[in-house]
Amino acid sequence: MESVNVTFDVTSQLVNNFKQVLLKLKNERYASIGIIREIFKVIEDIIDASEQKISDLKEELKETSSIEEQKEIMNKNYYLSDALNYIFPLLRDITFSTINFIDFDDYAIINFIRERISSISFFKDKEIVCLISASLGELNFEMSSRLFHKNVEEYFNKLDVKFPDFSLHIKYPLIFKDNFLIKTAFFHEFSHLIDILLKITENYVIDFKNYEDKIEPVLEDFINLPIYHGLPETLLKDLFYVQLNKILINWTRELITDIISVILLGPASRSLLLFWSLTSGHGSFNFSHPPFYLRCQYLSKLLDIDGYENLEEENKAFELSEKIYEVPTEKIFNLVIKILESEMENIISTSKESFKLENKDILDFLGKNNPEKKVLLELVRNDIPIGVYLPVHKYKKNKKTLLKYEKNPIFKILNVFWEYYFEILFNTKKPINEKIGLFRRIEERAKKSIDMLRGYQIYDKFNE
């Protein structure tokens, strides 16, 4: 009986490649980014488990003599080799999503959110992995979207490697890399994960019976469209309700996520939507996202319920957003807007009841007469970063008071800078060229503020 040589070179080489790529990434790009170590730990577990599988197969081979048994082991090796290839998208995505351009501020935002929700018992035992990447274009977006692909997760399970229960991948265009104010969007993206975990959107049901008078005329117009001529009415009704339900679920999800982000951050989340509304035009809606105007309506209602009093500039921004807004020509979108306007208070109350996070510190800080906010706003007006600043203490009875740096949390930095942004925008005394220059300075100083804050946070951590 002839023996059959079974080689493990291909599988072993794959594992070695993973080791080398992982070492290269860690040494050259990620040595100082703590949160990414969670992902590296998963990959290292994969490597360890894969090496053990290879070792087990080799031992199994030694104990076999028949060709059939050796072929069976060979098939196991090929299966392992094939499964390991699922890890290549993971390493490729990390490499091609240009994550090496990411700065500390991105992770500072995520850590701030994680610390903020840690007060809620529900999140204390949840392992949340968040990866942030800046992409050069749609191609990078598509590749990086495979980061936690189901095939990879399945392979983790086959090796008995613990895959993070909850993962989040935040992607944004590289052009926004240094615009810290735009990264307010991170709060919205993270809030999607909170919504998923708490099942707020999943459990929220809109009863169509309450809106029959609004639905019937739109449904009739839909059935009578020329393109559907001759099709069974029952089929067309099903098609209409499927489409209506899909839009309602998608838009409700985005509105609930907006609500969560405001609870986490305050009106700065609405400020970003107002900014996009004024700069992107009125037509910014589709099957997946509601118009900015409706989203701002929701958040204004939420802030009003919480007792927040709009600044004069915020009211002006909202009024201007309302003026440029046009009712959608597609009747189904117009119908969805009417339904969601009617559901507004229910959706807000449901979101707040599900996501029970205390945000009194944010609302107190944002009070119009709060001296601390006034000081920080004055520092910003004078082009001074506010991530960390040195308070001025007066001498008392010829004794020096202890001087120390004050660190401002991210919610103070973002809310103050967004307030200053709209203050400049609606300043009728400043010419446009001066405003553009100030807007650029805002971006620079906001970025500098978070860099300083992050630096002192790291300093404190190493000197605890």
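As the structure is a computational prediction, the values presented were derived from the model and not from experiment.
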*Relative to the ring of W418, is the ring of Y421 parallel (under 30°), tilted (30 to 60°) or perpendicular (over 60°)?*
perpendicular
*Do the side chains of R116 and D361 get nearer than 4.5 Å, heavy atoms only?*
yes
*Crowded around E345 CD? As in, over 12 foreign heavy atoms under 6.0 Å?*
no
*T350 and N346: which non-hydrogen atoms are nearest, and at how many Å?*
OG1-O, 2.7 Å
*Selection residues 414-440 - residue pairs positive for salt bridge (Lys or Arg N to Asp or Glu O under 4.0 Å), sequence neighbours left out*: K373-E419, R381-E423, K430-E434
*With under 30° as parallel and over 60° as perpendicular, where do the rings of F240 and F222 fit, or are they tilted in between?*
tilted
*Give a yes or no on whether the backbone of E115 and the side-chain of S118 come within a donor-acceptor separation of less than 3.5 Å.*
yes
*Working for side chain to side chain contact (heavy atoms under 4.5 Å, CB included), residues I113 and I410*: CA-CA 9 Å; I113 298 174; I410 287 174; over 6 Å; no
*Taking all non-hydrogen atoms of both residues, which atom of N359 and which atom of I263 are closest, and how far apart?*
CB-O, 3.4 Å
*For residues W276 and T279, determine if any side-chain heavy atom of one lies less than 4.5 Å from a side-chain heavy atom of the other.*
yes
*So W251 and F333, would you call those rings parallel, tilted or perpendicular, with 30° and 60° as cut-offs?*
parallel
*With rounding to the nearest 0.5 Å, note down the distance linking CG in L340 to CD1 in I347.*
5.5 Å
*Rounded to the nearest 0.5 Å, what's the gap from CD1 on I117 to CG on L357? Could you check?*
8.5 Å
*What pairs of residues pass the side chain to side chain donor-acceptor pair (under 3.5 Å) test when at least one of them lies in residues 228-243, not counting sequence neighbours?*
none
*Are L273 and Y298 side-chain neighbours, meaning at least one heavy-atom pair lies under 4.5 Å?*
no
*Please name the pair of heavy atoms, one in L274 and one in S321, separated by the smallest distance, quoted to 0.1 Å.*
CD2-CB, 4.3 Å
*For the student: nearest non-hydrogen atoms of L303 and P267, plus distance*: CD1-CB, 3.9 Å
*asked:* Under the rule for side-chain contact (heavy atoms from CB on, under 4.5 Å), what residues qualify as partners of I305, not counting sequence neighbours?
replied: K301, I348, K352
*Mind checking what makes side-chain contact (heavy atoms from CB on, under 4.5 Å) contact with E341, not counting sequence neighbours?*
L294, Q297, I337
_Separation between CZ of F318 and SG of C296, rounded to the nearest 0.5 Å_ = 6.0 Å
*State which residues pass side-chain contact (heavy atoms from CB on, under 4.5 Å) with N310; sequence neighbours excluded, sorted by chain then number.*
R270, Y308, E314, N315
*With the side chain counted from C-beta on, respond yes when I194 and L264 share a heavy-atom pair under 4.5 Å apart, and no when they do not.*
yes
*Would L425 and F439 count as a side chain to side chain contact (heavy atoms under 4.5 Å, CB included) if you check the C-alpha gap in whole Å, the side-chain angles of each, and the deciding distance to 0.1 Å?*
CA-CA 9 Å; L425 182 65; F439 290 151; 4.2 Å; yes
_Minimal non-hydrogen separation, D221 against K331, with atom names_ = OD2-NZ, 2.6 Å
_Backbone of I332 reached by a side-chain donor or acceptor of E330 within 3.5 Å_ = no
*Is the closest side-chain heavy-atom distance between D195 and R253 below 4.5 Å?*
yes
*How would you list all residue pairs meeting ring pair (Phe, Tyr, Trp, His ring centres under 6.0 Å) that involve residues 339-359, not counting sequence neighbours?*
none
*Roughly how far, to the nearest 0.5 Å, is the CD1 atom of I424 from the CD1 atom of I436?*
11.5 Å
*Report the residues that fulfil side-chain contact (heavy atoms from CB on, under 4.5 Å) with R441, sequence neighbours left out, ordered by chain and then residue number.*
D383, E444, R445
_Inter-residue atom distance T201.OG1 - I256.CD1, 0.5 Å rounding_ = 3.5 Å
_Student check: side-chain heavy atoms of I249 and N245 closer than 4.5 Å_ = yes
_Regarding E312 and K316, does a basic nitrogen lie under 4.0 Å from an acidic carboxylate oxygen?_
yes
*Please check if the side chain of N415 supplies one atom and the backbone of L265 the other of a donor-acceptor pair under 3.5 Å.*
yes
*With side chains defined as the heavy atoms from C-beta onward, is the minimum distance between I109 and F190 less than 4.5 Å?*
no
*Looking at residues at least two apart in the chain, or sitting in another chain, which of them share a side chain to side chain donor-acceptor pair (under 3.5 Å) with K368?*
E309
_So F365 and N408, do their side chains get closer than 4.5 Å, heavy atoms only?_
no
*Looking only at non-hydrogen atoms, find the nearest pair between S277 and I324 and report the distance.*
O-CD1, 3.5 Å
*For side chain to side chain contact (heavy atoms under 4.5 Å, CB included), just list the numbers for F112 and F187, CA-CA rounded to whole Å, side-chain angles, deciding distance to a tenth of an Å, and then say yes or no.*
CA-CA 10 Å; F112 170 77; F187 284 84; 3.8 Å; yes
*Is it true that a side-chain atom of Y204 and a backbone atom of S351 form a donor plus acceptor pair closer than 3.5 Å?*
no
*Do H289 and N250 have side-chain atoms, one donor and one acceptor, less than 3.5 Å apart?*
no
_Main-chain N/O of S261 paired to S191 side chain as donor or acceptor, under 3.5 Å_ = yes
_According to side chain to side chain donor-acceptor pair (under 3.5 Å), who are the partners of N210, at least two apart in sequence or on a separate chain?_
none
*Among residues two or more places apart or on two chains, list those pairs meeting salt bridge (Lys or Arg N to Asp or Glu O under 4.0 Å) that have a residue in residues 201-220.*
none
*Go through the structure and list residues passing side chain to side chain donor-acceptor pair (under 3.5 Å) with D304, not counting sequence neighbours.*
none
_Contacts of Y211 that satisfy side chain to side chain donor-acceptor pair (under 3.5 Å) - sequence neighbours left out_ = E343
*CG of L320 to CZ of F422: how many Å apart, nearest 0.5 Å?*
10.0 Å
*Begin with the C-alpha distance, continue with both residues' side-chain angles, and end with the deciding distance and a verdict on side chain to side chain contact (heavy atoms under 4.5 Å, CB included) for L414 and F417.*
CA-CA 5 Å; L414 283 171; F417 271 103; over 6 Å; no
*Side-chain donor-acceptor pair under 3.5 Å between H192 and T257, yes or no?*
yes
